[in-house]
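Every chain is numbered from 1 and lettered A, B, ... according to where its sequence line falls, protein lines coming before strand lines.
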Amino acid sequence: MLELINLDCVRGGRPLFRNLNASVPDGTLLQVEGANGSGKTSLLRIVCGLMSPENGEARWNGTNVKSLGEEFSQTLAYLGHRNGIKEELTPLENVRISNAVAGNELKTEDAQLALRLLGLESRQHLPVRYLSEGQRRRAALARIVTGTAKLWVLDEVLAALDTAAVAVVRTVLERHLEAGGTAIVATHHDLQISAGSFQRLELAS
Amino acid sequence: MLELINLDCVRGGRPLFRNLNASVPDGTLLQVEGANGSGKTSLLRIVCGLMSPENGEARWNGTNVKSLGEEFSQTLAYLGHRNGIKEELTPLENVRISNAVAGNELKTEDAQLALRLLGLESRQHLPVRYLSEGQRRRAALARIVTGTAKLWVLDEVLAALDTAAVAVVRTVLERHLEAGGTAIVATHHDLQISAGSFQRLELAS
Amino acid sequence: MFRSVVARDLMLAWRRRSDVFATLFFFVIVVSLFPLGIGPETQLLRSIAPGVVWVAALLASMLSLGRMFANDEQDGTLEQLLLTPQPLYLVVLGKTLAQWLVSEVPLILVAPLLGMQFNLPSETLIVLVVTLLIGTPVLSLVGSIGAGLTLGLRGANVLIALLILPLYIPVLIFGAGAVDASISGGEIAANIYLLAALLVVSLVFAPWATAAALRISMEYFLTSDI
Amino acid sequence: MFRSVVARDLMLAWRRRSDVFATLFFFVIVVSLFPLGIGPETQLLRSIAPGVVWVAALLASMLSLGRMFANDEQDGTLEQLLLTPQPLYLVVLGKTLAQWLVSEVPLILVAPLLGMQFNLPSETLIVLVVTLLIGTPVLSLVGSIGAGLTLGLRGANVLIALLILPLYIPVLIFGAGAVDASISGGEIAANIYLLAALLVVSLVFAPWATAAALRISMEYFLTSDI
Amino acid sequence: MNWYKYSSPAAFYPLAGKLIPWFAIPAIVLFTVGLYVGFFVAPTDFQQGEAYRIMFIHVPAAWMGMLLYVLMAFYAGIGWAFNARLASMMASALAITGAMFTLLSLVTGALWGKPTWGTYWAWDARMTSTLILLFLYIGFISLQATIEDPRRADRAGAVLAVVGVINVPIIYFSVQWWNTLHQGATIRMMGKPTIAAPMLAALLIMLAACWLYSIAVVLYRLRVIIREREQRASWLAQGTAS
Ligand code: HEM
Ligand SMILES: Nc1ncnc2c1ncn2[C@@H]1O[C@H](COP(=O)(O)OP(=O)(O)OP(=O)(O)O)[C@@H](O)[C@H]1O
Ligand SMILES: Nc1ncnc2c1ncn2[C@@H]1O[C@H](COP(=O)(O)OP(=O)(O)OP(=O)(O)O)[C@@H](O)[C@H]1O
Ligand SMILES: [Mg+2]
Ligand SMILES: [Mg+2]
């Protein structure tokens with residue numbers, strides 16, 4: 001259960017949004033929409049505790065994320081505009097290592113399963129450096145899919161993905177919701193999630 | 001008049017596409033489509049002469065782009081996955097300087113006109129470092145719009161853009177075509193260009 | 001998870017072996033540059049040898065420190081590390097340890113050879129190695145603070161130099177001092193004890209400082225690079 | 001357009017003033033580290049001063065060279081520069097000139113002050129400045145080759161040191177030699193002429209080599225970073 | 001017969017295989033002969049005693065070190081100019097061998113230094129320039145090691161090697177000049193001893209042996225490199241075939 005309470009966000013003296021309220025119960029996806037520069041990324045970073053709001057707070061199960069610290073990180077998976085994968089490592093290594101660092105030792109099979117799901121099977125041993133833009137995004141998503149996080153925070157999740165990959169993301173999100181997970185997703189393209197419950201949040205700019 | 005003649009592209013020993021042929025007369029837009037990793041970026045880089053094909057060649061008005069050198073650069077504007085703008089500079093400075101370096105001194109008004117067109121008026125004096133992802137993309141596009149290039153090579157042009165920006169890009173492209181320009185654009189989203197003539201090229205992977 | 005952070009960085013370093021060797025040879029070359037600048041008089045060279053070797057070690061470790069967080073920041077993996085369910089202190093400590101193993105230990109191993117180039121007596125070489133063993137971890141620990149602070153600022157490398165070289169000075173003085181002493185027959189032990197003290201202090205405080213620095217710079221990023 | 005390339009880089013440098021100062025402070029600090037590492041004997045210090053100052057200049061310029069093309073590569077502006085309708089040779093020359101103005105000239109200006117720290121006689125200071133004036137452009141020109149070759153490689157900034165420091169050695173020898181000579185009353189002019197010769201040679205050949213290096217690097221690491 | 005066909009690695013690979021023994025075996029023979037003459041036939045030096053015998057390794061090694069660098073640069077240049085892959089591979093193969101010889105001359109020289117003038121290392125002009133030569137080799141090798149794409153590695157290496165080879169003479173003479181400038185250098189090391197006939201013979205035999213050895217080893221490395229690149233290509237191909 002994620003709650004946004006009277007969030008104000010100001011960047012460089014320019015207010016982006018003022019007392020924004022929302023509550024996202026488990027099994028729900030919150031799609032954040034808005035023009036470029038309307039504050040989607042900022043909002044998502046506030047949710048992750050990577051950035052502090054001007055006023056208000058983001059709560060996870062009733063407590064401020066800022067004060068939750070490590071145990072919140074356990075339930076959180078964040079994917080930003082940047083992919084957060086290592087160019088020197090192969091997709092497989094990336095998935096395994098980023099999970100290990102998050103305290104989730106992963107069996108090779110599971111990692112490979114996720115990569116197959118995302119259509120990177122044929123590239124799983126090729127250093128990310130050689131991958132195309134969309135393939136990198138897919139590798140980044142594989143990290144999220146294999147994780148144990150209950151709350152997914154995905155920024156511009158469909159960026160650089162082709163239609164096939166978009167479909168995969170959709171099913172993955174639906175699975176996550178059905179499993180009682182929560183997701184907050186910023187995107188310019190409609191997600192058309194059928195499973196779980198679905199909310200929109202339009203940031204006016 | 002851009003011609004692609006029997007282009008073979010091999011990356012790391014893996015063939016991406018084999019004898020690809022196309023001819024794009026002036027006033028025409030070639031939309032390159034294909035799954036992630038199908039070779040769109042590679043094709044565009046070959047057209048720019050930033051990469052050499054395994055076999056075949058790309059011709060501009062009948063001569064191989066590789067052998068054209070500087071005068072080809074004059075007619076070319078390339079926008080890749082990376083925006084090619086300086087974080088330290090403001091959008092206005094970026095537009096003016098990147099034009100100046102390409103030998104096209106620009107009046108401040110013209111630069112501002114382009115930025116207004118792309119909805120960056122309010123941010124024109126804000127260092128790009130502070131801009132949102134989509135605003136950066138817009139700044140990058142402003143460079144193309146203000147340029148004098150006859151051939152536009154745009155990779156994933158709509159990335160990170162909101163619907164408003166997409167509309168702008170569409171109109172800009174149409175203008176360019178009507179003025180007898182040529183464009184080759186890689187994208188996953190349909191452009192629906194109405195003006196000028198329009199070709200598709202589907203890269204199978 | 002501490003272990004997996006170390007493992008991660010060691011693996012990355014292994015993928016960039018050439019870095020490691022490069023740092024090493026940088027160290028060797030810098031040391032060898034001085035005679036060329038100063039002239040071949042054996043006596044003169046021997047008397048400046050401790051200073052030269054130590055300064056070179058400083059510079060080498062500084063260079064490799066520049067990459068310590070910057071790489072992770074650029075590709076966005078640093079955010080992930082910040083969001084891992086473990087104290088940032090440990091993450092930092094892990095990365096620092098890896099950095100020391102990868103970039104400093106090799107220097108310690110070749111240092112004696114360089115010492116020979118300056119005809120240092122063998123007992124002096126031993127002192128040199130000991131001081132490096134105690135001193136270089138301090139360099140890594142202190143350096144990581146600078147690396148954290150300058151993260152994402154342009155020209156981070158040079159800025160780091162600027163920020164942390166002053167903090168290195170005590171290490172330099174005691175380190176080179178000890179080696180000097182063993183040539184000129186001065187007080188070696190005292191210098192080494194002081195180095196050890198520095199090590200303890202930095203081991204306790206540096207990671208905290210670095211963690212704080214990271215948090216600060218990340219906040220800065222949010223406004224600076226989305 | 002040559003001018004606009006220079007202008008561009010100067011403007012960027014201005015936005016990143018901190019870099020410029022950082023390089024400068026790095027130079028100052030490295031030079032000042034030596035008295036600390038070596039001890040206060042005036043005589044000894046004076047005899048090593050020329051070498052130390054020159055080596056510090058080498059290292060400082062090397063550090064700033066690491067950024068010469070790397071920044072432009074990361075944000076994709078280097079591709080644009082390659083695609084500008086002008087010979088790459090000129091682009092390279094422009095960027096090198098800017099780099100020299102921004103990173104080397106300040107060093108030349110503070111060098112006399114540092115010389116005084118080692119209480120060098122004033123005529124020696126003049127020689128020092130002259131040699132730096134002739135020598136540092138060679139560093140920039142030769143260094144740009146290394147910068148071009150290591151573009152986009154992991155740990156480029158260390159590798160670059162490994163590649164170009166050996167090539168810097170003649171500059172170091174003649175530069176420091178001239179200064180040394182003016183202390184010990186040796187042959188100054190010869191050294192300076194040789195430096196000038198180096199300048200001419202590198203002015204003619206280096207930009208070509210750098211342009212070639214850039215073409216090579218761009219063409220191929222673009223396959224590696226899309 | 002047509003030699004051009006051997007300019008393709010694939011065609012050259014078997015030829016190299018055939019050639020290796022023709023150089024390796026004589027190399028071994030000459031090494032044994034040379035060492036025998038050098039260490040048992042050649043008379044003890046009246047001033048240096050037995051220590052001087054290290055010369056029979058040291059001097060040829062030093063010569064090879066310098067010579068192979070020039071060769072390497074030459075091949076690298078050819079490979080770059082005419083896009084001849086084999087020549088570029090040749091350069092890479094030469095680099096390691098040359099570095100080895102340079103290192104050997106450094107080590108033997110240092111070992112020789114201890115007995116003859118009481119220290120392992122002095123900043124003598126020739127020593128210094130040899131050291132720098134080693135650095136140049138190392139630069140070349142690590143540059144190529146850092147670049148995955150073999151084509152880029154070849155060309156980048158070529159630029160470096162060519163620039164380096166222009167610099168080698170400059171460096172060499174600058175170092176000489178530097179060393180004579182400061183009259184500090186007291187040790188005279190390369191004072192040519194008036195060489196007795198067997199010494200000279202041993203020296204020349206060892207030199208020939210080093211030559212043959214180098215050719216054999218370079219051919220061997222060349223085969224390794226060719227194989228590696230083929231494997232790499234195929235590995236990537238199947239690693240990414242979908
Ligand atoms: C690490 C130390 C040394 C290095 C790097 C070194 C390097 C060289 C080089 C490059 C050469 C070939 C130069 C030429 O012939 O043009 C050479 C030759 C020679 N070296 Fe050394 N050397 C070292 C130490 C010594 C020592 C200690 C001695 C004996 C005292 C020595 C005696 C000789 C002799 C006799 C030759 C042959 C002279 C000639 O034929 O030109 N070297 N050394
Ligand atoms: N220092 C600053 N001064 C003024 N405005 C700033 C500053 N820093 C950030 N901004 C503005 O804050 C906003 C950041 O918004 P954010 O990145 O969250 O947008 P977004 O919704 O993610 O946009 P996009 O869809 O392009 O990703 C941008 O409009 C940016 O211009
Ligand atoms: N060294 C290599 N070995 C094997 N495959 C490689 C190598 N380098 C690149 N590739 C492959 O070549 C393709 C590059 O394609 P490119 O970047 O042009 O795709 P794209 O159509 O632009 O994809 P996207 O839509 O994701 O941008 C990718 O499939 C990548 O995996
Ligand atoms: Mg955003
Ligand atoms: Mg692409």
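- Looking at Ala159(B), there are no atoms closer than 4.5 Å to chain A (heavy atoms on both sides), in backbone or side chain.
- Among residues two or more places apart in sequence or in another chain, the salt bridge (charged side-chain N to carboxylate O under 4.0 Å, His left out) test is passed with Glu54(A) by none.
- Remark: side-chain polar atoms of Asn36(B) are not paired, donor with acceptor, to backbone N or O of Ser132(A) under 3.5 angstrom.
- Contact annotation for Ala160(A): only backbone heavy atoms (N, CA, C, O) come within less than 4.5 Å of a heavy atom of chain B.
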(Q) Let's go through Arg136(A) and His81(B) carefully: what are the C-alpha distance in whole Å and the side-chain angles of both, what is the deciding distance for side-chain contact (heavy atoms from CB on, under 4.5 Å) to 0.1 Å, and is it a yes or a no? (A) CA-CA 12 Å; Arg136(A) 290 166 189 228; His81(B) 283 295; over 6 Å; no
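- There is no contact between Arg137(A) and chain B, counting heavy-atom distances below 4.5 Å.
- Proximity to chain A (any heavy atom under 4.5 Å) is shown, for Leu161(B), by both the backbone and the side chain.
- Atom OG1 in Thr163(A) sits 9.5 Å away from atom CD in Glu33(B) (nearest 0.5 Å).
- In this structure, Glu133(B) and Arg82(A) have side chains that are not in contact, with every pair of non-hydrogen atoms separated by 4.5 Å or more.
- Contact residues of residues 182-193 of chain B toward chain A are His188(B), His189(B) (heavy-atom distance under 4.5 Å).
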